[in-house]
Amino acid sequence: MSKNLVIVESPAKAKTIEKFLGKDYKVKSSFGHVRDLAKKNFGVDIKNNFKPEYIIMPDKKKVIADLKKEVKNADTVILASDEDREGEAIAWHLFEVLKLKNKSTQRIVFNEITKEAIKNAVENPGSINFNLVNAQQARRILDRLVGFELSAVLWRKVRSKLSAGRVQSVAVRLLVEKEREINAFKSEEFYKVTGEFVSPEGDRSFKAELNKKLNTEKDVVSFFESLTNPEYYVFDVEKKPGKRSPSAPFTTSSLQQEASRKLGFPVNKTMRIAQKLYESGFITYMRTDSVNLSSLALKAAKEVVEREFGDKYYKKRIYKTKSKNAQEAHEAIRPTYLDKKSVSNTSDEERLYNLIRKRTLASQMTDAEFERTNVTVGIKGKDYKFTASGEVLKFPGFLKIYSDKTEDTLLPVLNKNEKLNALYLEATEQFSKPPARYSEASLVKQLEDKGIGRPSTYAPTISTIQARGYMVKESREGVKKKVKHIILKDGKIKVKNETKTFGTEKNKLFPTDIAMVVTDFLKDNFENIIDYNFTADVEKQFDEIAEGKIIWHKMIEDFYDDFHQKVENTIENAERNAGERILGKDPVTGKQISARLGKYGPVVQLGTSEDEKLKFASLRKDQHIENITLEEALELLENSGNGRLLGKDPVTGKNVYVRFARYGAVAQLGDAKSDKKPKYAGLLKGMNIDTVTLEEVLELFKLPRDIGTFEGKKVVAAVGRFGPYIRHDSKFVSLKKTDDPLTITIERAEELIKEKREKDKKRLIKEFKEDETVKVIKDRWGKPCIYFNKKYIRLSAKVKPEELTYDDCIKIAEKELGSTKKTKKTTRKTKK
DNA sequence: CAGTGAGCGAGCTTCCGCTTGACTT
């Protein structure tokens, strides 16, 4: 019988600790918070000193029931949640919910999971720190009040189901302001001038760059023309040593950034894989803001570095956190066993583990040492200079393990005043770059720098602002621009025109129109809440609560009085905000033209609500309320429903357009207005609305195409919502990337059909005579499920899929679909 | 798949942080 029950937050941690503590201790986990504010009435009694009403979170009912059983069997309950504000609150909530007694309850903390630290903690128990608990309650209640009241204002003034909050609204604001900076950015052209120089003997050569940017083609040409019989020489050679130090071990945020940069992982993928590594016992906890390594880890790092690389690579380093608002309840993210070089066979886990291991070891290694050489090339009688720099690694230090793309750039040995010849000079036209858009990881970094959000919320925050329609993550093709390339060789100047792509974006975050409208609205009415310093300001006050200097509900009251007044004012006075921008007047009808958010997205509108008849046209995907011009709006209204006119179909004589539709780019045969039913065809991958030709589009209208018969049934090739496919016997088979629906042969189609049948057979677990459309099959992830009414219903692990009968399946399906089916009202459609 | 867009207004939505599975098409 174990006499002591220890409760920690994470089950993986529980397992480890149980090993350290021996038979008298049972270690269980609370799985994080167990209680939260009720939803009704905000879960806060505003008139009664903001008294919170807590309820057990629905998904924790079972956890609590289990813990209650364990409590009954224990003499002493030891609350061992994390050593921070949230952890202290968890301990208190457990105390309350489990109805613990002061006498038989202890509170312990440790920030290192080692046998020594835990034994030490158990031997020195304390009690719950209520100041810290109150600081957490203040944090929670403030977030609830701000979140729910602001969201409710948005529902009334902008659009239903929107959200706002202390963290997410600032994240959205960052995206919006960056986007506007980029839009306002005026790109300037300039010329980068470089030359290749060579010693008179021809044995040593190097490239160097002019120390001055030239702005126009004219400047370049006159500079080149001024170089009649130029005398180049080595003006200066400078050598100096350089050093680079390793970075601190990983925190959640820095891990997300590096995994994004080096492995191309989105933040949620990084966290999912890190969680796996943690659960398998390979790394320490992955949600942390600490850069601290335990004494044990430091010792292990020393051993591994000295063994693998030798003494002169080891250097003990202690890092201090720089991030605001850090709670440091955990260690930095590091391997649990540093000498373990490899962990598993899935390559993503392996790669992330390797990154963590190398970063940890590197953090305890010596500096990398360089020798940097700067060479300046002069021209006799001119002020212009060319410069080149080279870097040679003298001692790798930590770079031995944590490389940062450092290649030696070698310069030849050169002597001051030595003569040089130029093989050629060249000038390439460049454009100054606008500020970089945020990626997921760089947005997280920005939030962390401002002390907003916590390690456990970075990834969820990104998902939330995306789910609310404030942001899209996209890759966009750059714009092709003509650039000039001017070359001076053998005293002759040549000008070449070249094409270069600028501004290509890969997996970047773009704020939507609704994000701009909401941000402006919040800025106008709740400036202080989405101020970048708001979190830092309230954090200061939470700290004072934690130190017992101020009373938590007084702090909330001070904040809320003012805040709530603003909420009331806004509801009363602010106009409904659809982000309307008046663009001007229609030169034909004289009616007003405006751009705003419509029910289905951004639109331009002809006329005002007083006018009899309004006309609308949706904005294209690449157009925004922010910056659409009157001319563009007129064009949209003019072509409303049509799009870019490509020409006429030679057969029917009808107009052919390409336009954006609900699910992507389509070609359209016939006018939306005059023709009853235009014919549509989805564009193929690689076709672009701006570049596709009439000929290519006319080909598309040949689809669906009969390609022959197979087993006595017709085979048809076409393009659908999910791409090109063939249909046979009312079954669909997707085409492979290399197949073209316009040219695919019946032979190839047969192959694909057979392949699909084979695949389906492997997926099939069971089918029924009663109804052919109901099956038990494996889903995309290989998990057994019921296929019913074109939907997949996942089976719980307890059910044996092979033993299911038809009736069982129907029962499960009805239960699942019935319970999740929401009473969705169909919008009434009226036709005038 | 390839249209729609006001207002009418019932009943819904929403926050941040701490944790894992269960879930996804």
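All chains are named by letter (A, B, ...) in the order of the sequence lines, taking the proteins before the strands, and each is independently numbered beginning at 1. On a predicted model such as this, the values are computed, not experimentally measured, just so you know.
Checked for salt-bridge contact, A/E539 and A/R85 meet the test: a charged N lies under 4.0 Å from a carboxylate O. Salt bridge absent: A/D586 and A/K591 never bring a charged side-chain N and a carboxylate O closer than 4.0 Å. A salt bridge links A/D289 with A/R454: the closest approach of a Lys/Arg side-chain nitrogen to an acidic carboxylate oxygen falls below 4.0 angstrom.
For B/dT19, the base has no donor-acceptor partner in the side chain of A/S30 [N/O atoms by modelled type, under 3.5 angstrom].
With hydrogens and angles ignored, the 3.5 Å screen pairs a side-chain donor or acceptor of A/R581 with a backbone N or O of A/I625.
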(message) Return a single string for nucleotides 13-18 of chain B, one symbol per nucleotide in 5' to 3' order, where B is base contact, S is sugar-phosphate-only contact and - is none, cutoff 4.0 angstrom on heavy atoms.
(response) BBBBBB
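Computed from coordinates, the A/K62 NZ to B/dG21 C1' distance equals 12 Å when rounded to whole Å. The interatomic distance linking A/E580 (CD) with B/dA6 (P) rounds to 13 Å, in whole Å. Counting to the nearest Å, the C1' atom of B/dG5 and the CD1 atom of A/I625 are 13 Å from each other. Look at CG on A/L619: it is 15 Å from C1' on B/dT4, rounded to the nearest Å. The distance from atom NZ of A/K615 to atom C1' of B/dA6 is 18 Å, rounded to the nearest whole Å.
Within the nucleic acid shown, A/P11 comes within 4.0 Å of sugar-phosphate atoms alone, with no base atom in reach, counting heavy atoms only. Backbone-only engagement by A/Y278 is indicated by non-hydrogen atom pairs under 4.0 Å involving sugar-phosphate atoms exclusively.
At the phosphate of B/dT20, neither OP1 nor OP2 sits under 4.0 Å from any side-chain N or O atom of A/S29. Residue A/Q605 places none of its side-chain N or O atoms closer than 4.0 Å to OP1 or OP2 of B/dG5.
Note: A/F526 and A/F563 have tilted aromatic rings, judged against thresholds of 30 and 60 degrees for the angle between ring planes.
A/Y54 and A/Q137 share a donor-acceptor pair across their side chains, judged by distance under 3.5 Å alone.
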